[in-house]
Number of protein chains: 2
Amino acid sequence: MKHVDIEQRQKKILCAIVESYIEIAMPVGSRAVSQRFRKSISPATIRNVMADLEEKELIMHPYTSAGRIPTDKGYRMYVDLLLEPKHLTKEEESLITRLINRGCEDFETLMQAVSKAICMMTDVAGIVLTPRLKRSVFKQVEFIPIDSSRILAVLITNSGLVKSAILEMEEEFTKSELLRISEFLNHELDGMFLGEIKDYLTRRLLEQGDSFYTFLKKAMYIFSIPGLLKMEDRIYFEGTTSIMACPEFKDIAKARLFLRLFEEKRDLMELFNEDMETDGIKVHIGKENSHKSIQDYTIITSNYKINDRVMGAIGAIGPTRMEYGRVMSAVSYLSSILGKVMEELG
Amino acid sequence: MKHVDIEQRQKKILCAIVESYIEIAMPVGSRAVSQRFRKSISPATIRNVMADLEEKELIMHPYTSAGRIPTDKGYRMYVDLLLEPKHLTKEEESLITRLINRGCEDFETLMQAVSKAICMMTDVAGIVLTPRLKRSVFKQVEFIPIDSSRILAVLITNSGLVKSAILEMEEEFTKSELLRISEFLNHELDGMFLGEIKDYLTRRLLEQGDSFYTFLKKAMYIFSIPGLLKMEDRIYFEGTTSIMACPEFKDIAKARLFLRLFEEKRDLMELFNEDMETDGIKVHIGKENSHKSIQDYTIITSNYKINDRVMGAIGAIGPTRMEYGRVMSAVSYLSSILGKVMEELG
DNA sequence: AATAGCACTCTAAGTGTTAGAGTGCTAATT
DNA sequence: AATTAGCACTCTAACACTTAGAGTGCTATT
């Protein structure tokens, strides 16, 4: 069928336009595309096809007589249908592995290493979310008396995350009392998600009566004090500075808007939180993003799992004009490796 | 004496030029200065004085017929002799206090709140160094067994800093053994600077002989494992984005260089570490800085003390054209208040 | 259906031109 | 002797104008 052929060619040309634009960051003319096909198609023909593509809103004109640039919709088609995955080379993978392992002793440096690795491999900014506390599984809690009114509570999760908080106590607890409470909690909460604990204890409190009640209440009091279970989710990022070399940021106002994303992390957080729920690589191109602060950029995310449990997410963000294949591969590879490293570390 | 009068006037005019330039960020002409003095001095006279100031390298010409801008040396003179301190108003101080107190429950948010406060009050970037671990005083250490090969060590300092590390043990320790070790250490190291501990234990090890030796060796082994005493000194900052609104950063390359300072923190760290040793407000103007990466900016620092001990430093960084009086007051006030808040928190 | 040819469009870069802000010098004034 | 007014001169920033060339869209041709 002729019709299929035409569609085929349109796709080929769209692909060429997108990739050319990604390379040179300037509107792509018919001439350039023709050369890309070693002149097997003439500029004039290309122009006709371009007009079609423009009608379909896959590419656009900045002004009458400039070359074309892809629209968000064009990028979308490219990513979904035309892009061939650009796997990292073995050398790159081993480079990453070395980078990650060097920083893996300590939680913080691991996060930093991963975000740095993303930006190194892709030239866009790397983002890493810490494992979400509420998705972690309770393992152990200990109470260390500091002085008469203060206790240091230490919470250890399944995945090796340690969270400590100094609790200001109104009533005094004896050492043996604390020990009993921690033993009780360690037995009772074993294997439970941190997110569930508060509800669980409240329920227990309502069911139970009499003498045990006071004890349980104390246990709950000590545990639910703000601080220990306060879900703090940090975000690490790297490469925001080097990405400003992109022509997209030649205007300083644009650059500031981009940087503000990381100072005012809310929008990013929200997006990552949503994405975390589904597996696999997710690509959000420009206006597809619901937050308008992100609508000039493309974000690529992937969740990571520790022991087959979704715990967090990593991603990359940059101008819509980015090397999709490469970034997707890098994010994908790093998310898988991050999970593994954390399992060992946990 | 006439001579004194002339010097006086030169100073007054330098002061006017500096302050005017700080205000409007454009070369200051003789006309503008004259107006600043309500025309009590004519532009022509001002011009003569300006020529003198230029000879002394306190101000300079961007080109033949532009106004003058202060040199680093000019700013220096302004700061040392001419500047009148611009104390924060009561309202501003109480605003700061509220900001700080709201975030003071948690160490991290406290640091963030302080750096944010600096940048809010001054429109330059705020920098806060965490209390240096090695200057902290040992208070208590506890060991919590996680599984057969791993122990969670929790270190509490005088100032309320809590540092934990998971120790991978080669040999197994019994619970009672761990208890003995922690009791021993708690007794032995009480009130000691963390920086001294390693040396102290080594010395003890050499002095002591026989049966106690093994025990001590174990104690030392467990304590000196990388992680627990690893001195990590973090740096918090805020306002790097909003400062880019300054005309100084209209060139994106300049902006990138500035931002890189915070990504590659080494130079900043070094400067802060030196400054920490001496009390009071320190002002480093432009080329006075030894690191050339900082030579376009002014940094103002102050150390802060917890219980009369120098523990860390805070500061502000921005273009040499900044409101010196205000920034100095803000840094000064915040450093004093930070110490106090930390004492309470500790 | 594909292409060559051509007139047309629009930008980016270069070139003058000009207004005006500011200086430096000299002569006049206090 | 110190200050100021006056004036010629300098330099920039802004604007208008021109132009080369890249690229298009259309039409006629293959």
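Quick note: numbers below take in every heavy atom, side chains included, and nothing from hydrogens, waters or symmetry partners. The sequence lines fix the lettering, A, B, ..., with proteins before strands; numbering per chain opens at 1.
Contact annotation: B:S42 does not reach the phosphate of D:dT3 (side-chain N/O to OP1 or OP2, under 4.0 Å). Taking side-chain N and O atoms only, A:R31 has no distance below 4.0 Å to OP1 or OP2 of D:dG21. Between B:T45 and D:dT4 there is a side-chain polar atom (N or O) within less than 4.0 angstrom of OP1 or OP2. Contact annotation: B:R47 side-chain N/O to C:dC25 OP1/OP2 distance is not under 4.0 Å.
Here B:R326 pairs with B:E92 in a salt bridge; the nearest charged N to carboxylate O distance falls below 4.0 Å. With respect to the salt-bridge test (charged N to carboxylate O, under 4.0 angstrom), the residues A:K254 and A:E248 do not qualify.
Per the geometry, CZ belonging to B:R9 stands 10 Å off P belonging to D:dA2, to the nearest Å.
A:K39 contributes no side-chain N or O that, together with a main-chain N or O of A:S34, makes up a donor-acceptor pair within less than 3.5 Å. The backbone N or O of A:K287 sits less than 3.5 Å from a side-chain atom of A:D72, completing a donor-acceptor pair.
The residue B:A44 sits close to a base: some heavy atom pair falls under 4.0 Å.
Along DNA chain D, the nucleotide closest to A:S30 and the one closest to B:P43 are compared, and the more 5′ of them pairs with B:P43. Between B:S65 and B:I41, the residue anchored nearer the 5' end of DNA chain D, judged by the nucleotide with its closest heavy atom, is B:I41.
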